[in-house]
Amino acid sequence: MRVTVSRKGHFNAAHRLYRKDWSDEKNQLIFDKCNNPNFHGHNYELIVSVTGEIDQETGYVIDIKTLKQIMKEEVEDAFDHKNLNVEVPDFQELNPTAENISVVIYNKIRPRIESHLDLEITLYETPRNFVSYSGN
């Protein structure tokens with residue numbers, strides 16, 4: 001039996017969608033108000049889901065306490081109350097779109113999850129706008 005275990009987390013962060021290699025006009029045309037030179041913020045909601053076989057000894061797919069700790073160390077401590085463009089090294093050269101943030105989170109968490117388990121990241125930028133990434 002394959003079961004998915006999920007944990008919800010959150011962080012608050014500011015960002016600006018902007019490409020240095022584009023003109024100000026093109027950045028404004030493509031990214032509109034998300035291109036605000038003074039940045040803007042979101043209350044991000046994060047769901048980390050781990051899927052695998054139930055361990056017959058423990059009854060767990062993954063110990064939820066372990067998943068909680070991984071999320072705190074890899075995401076919440078690194079991103080919460082930060083300006084992603086300025087303070088988070090992962091976004092020094094990477095535009096911090098929701099899509100890119102979800103991939104970065106996946107890549108930070110994946111090495112800490114046993115390889116036989118599947119991982120999916122769902123990141124809500126707003127209550128109605130969200131992305132999912134599972135390494136494909």
Side-chain angles (χ1 to χ4, degrees):
M1 292 184 296
R2 289 180 57 80
V3 175
T4 300
V5 175
S6 299
R7 174 144 176 102
K8 192 174 193 180
H10 70 274
F11 60 94
N12 303 317
H15 71 158
R16 177 187 185 195
L17 302 186
Y18 176 82
R19 288 187 52 127
K20 296 173 192 170
D21 59 328
W22 287 358
S23 68
D24 288 340
E25 294 78 18
K26 185 170 183 178
N27 273 292
Q28 187 61 38
L29 178 68
I30 300 300
F31 299 123
D32 195 31
K33 62 185 175 181
C34 295
N35 177 44
N36 182 341
N38 295 313
F39 306 94
H40 68 282
H42 295 283
N43 299 316
Y44 291 94
E45 295 288 335
L46 172 66
I47 300 172
V48 176
S49 299
V50 178
T51 302
E53 299 289 328
I54 298 172
D55 181 286
Q56 295 306 305
E57 187 175 349
T58 66
Y60 291 157
V61 171
I62 186 172
D63 185 337
I64 202 77
K65 291 186 310 285
T66 301
L67 187 56
K68 175 183 176 182
Q69 188 64 31
I70 292 168
M71 290 170 65
K72 179 185 181 313
E73 292 171 1
E74 298 297 342
V75 181
E76 293 164 1
D77 289 350
F79 294 176
D80 191 37
H81 285 82
K82 301 279 175 48
N83 180 318
L84 299 178
N85 301 74
V86 175
E87 298 176 87
V88 179
D90 299 290
F91 300 106
Q92 293 300 302
E93 299 299 323
L94 182 63
N95 203 7
T97 62
E99 293 89 338
N100 283 334
I101 296 168
S102 69
V103 171
V104 165
I105 291 171
Y106 177 94
N107 289 334
K108 291 169 88 57
I109 292 176
R110 179 73 259 183
R112 299 197 51 193
I113 303 293
E114 293 183 35
S115 61
H116 69 279
L117 299 173
D118 295 332
L119 175 65
E120 182 177 56
I121 303 302
T122 303
L123 181 69
Y124 285 80
E125 192 171 67
T126 73
R128 292 183 298 266
N129 298 336
F130 60 97
V131 300
S132 295
Y133 181 67
S134 57
N136 302 330

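Note that the structure is a prediction, hence the values are computed from the model and not measured.
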All pairs passing side chain to side chain donor-acceptor pair (under 3.5 Å) where residues 126-136 contributes a residue, at least two apart: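 Found T122-S132, T126-N129.
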Pair listing, side chain to side chain donor-acceptor pair (under 3.5 Å) test, anchored in residues 76-91, at least two apart: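 Residue pairs passing side chain to side chain donor-acceptor pair (under 3.5 Å), neighbours aside: K72-D77.
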On a heavy-atom basis, which atom in [X] and which in [Y] lie closest, and how many Å separate them?
| X | Y | value |
| --- | --- | --- |
| A98 | L123 | O-CD2, 3.8 Å |
| K33 | Q28 | N-NE2, 4.3 Å |
| V61 | V50 | CG1-O, 4.0 Å |
| S6 | I47 | CB-CG2, 3.9 Å |
| V86 | Q92 | O-NE2, 3.2 Å |
| H15 | P96 | ND1-O, 2.7 Å |

Over 12 foreign heavy atoms within 6.0 Å of NE2, H10: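 Not buried by this count: 12 neighbours or fewer within 6.0 Å.
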E93 atom CD, over 12 foreign heavy atoms within 6.0 Å: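 It does not: E93 CD has 12 such atoms or fewer within range.
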What distance do [X] atom [atom1] and [Y] atom [atom2] have between them, rounded to the nearest 0.5 Å?
| X | Y | atom1 | atom2 | result |
| --- | --- | --- | --- | --- |
| K26 | D21 | NZ | CG | 8.0 Å |
| T4 | L117 | OG1 | CG | 10.5 Å |
| I62 | D55 | CD1 | CG | 11.5 Å |
| D24 | N35 | CG | CG | 7.5 Å |

Verdict with reasoning, N36 to R16, per side-chain contact (heavy atoms from CB on, under 4.5 Å): CA-CA 6 Å; N36 182 341; R16 177 187 185 195; 5.8 Å; no
Single hit among F79, F130, Y124, F11 for ring-ring contact (aromatic ring centres under 6.0 Å, His included) with Y44: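 By the ring-ring contact (aromatic ring centres under 6.0 Å, His included) criterion, Y44 pairs with just one of F79, F130, Y124, F11: F11.
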Residues which pass salt bridge (Lys or Arg N to Asp or Glu O under 4.0 Å) with R110, listed by chain and number, not counting sequence neighbours: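 With neighbours one apart ignored, the set is empty.
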Whether N95 side chain and Y18 backbone form a donor-acceptor pair below 3.5 Å: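 Side chain of N95 to backbone of Y18: a pair is present.
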Main-chain N/O of A14 paired to H42 side chain as donor or acceptor, under 3.5 Å: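 Looks like no, no N/O pair under 3.5 Å.
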side-chain contact (heavy atoms from CB on, under 4.5 Å) assessment of R19 paired with I30: CA-CA 10 Å; R19 288 187 52 127; I30 300 300; over 6 Å; no
Verdict with reasoning, H116 to E53, per side-chain contact (heavy atoms from CB on, under 4.5 Å): CA-CA 9 Å; H116 69 279; E53 299 289 328; over 6 Å; no
Parallel, tilted or perpendicular, as decided by the 30° and 60° cut-offs, for the rings of F31 and W22: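 Correct class here is parallel.
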Residues L84, F39; criterion side-chain contact (heavy atoms from CB on, under 4.5 Å); working and verdict: CA-CA 10 Å; L84 299 178; F39 306 94; over 6 Å; no
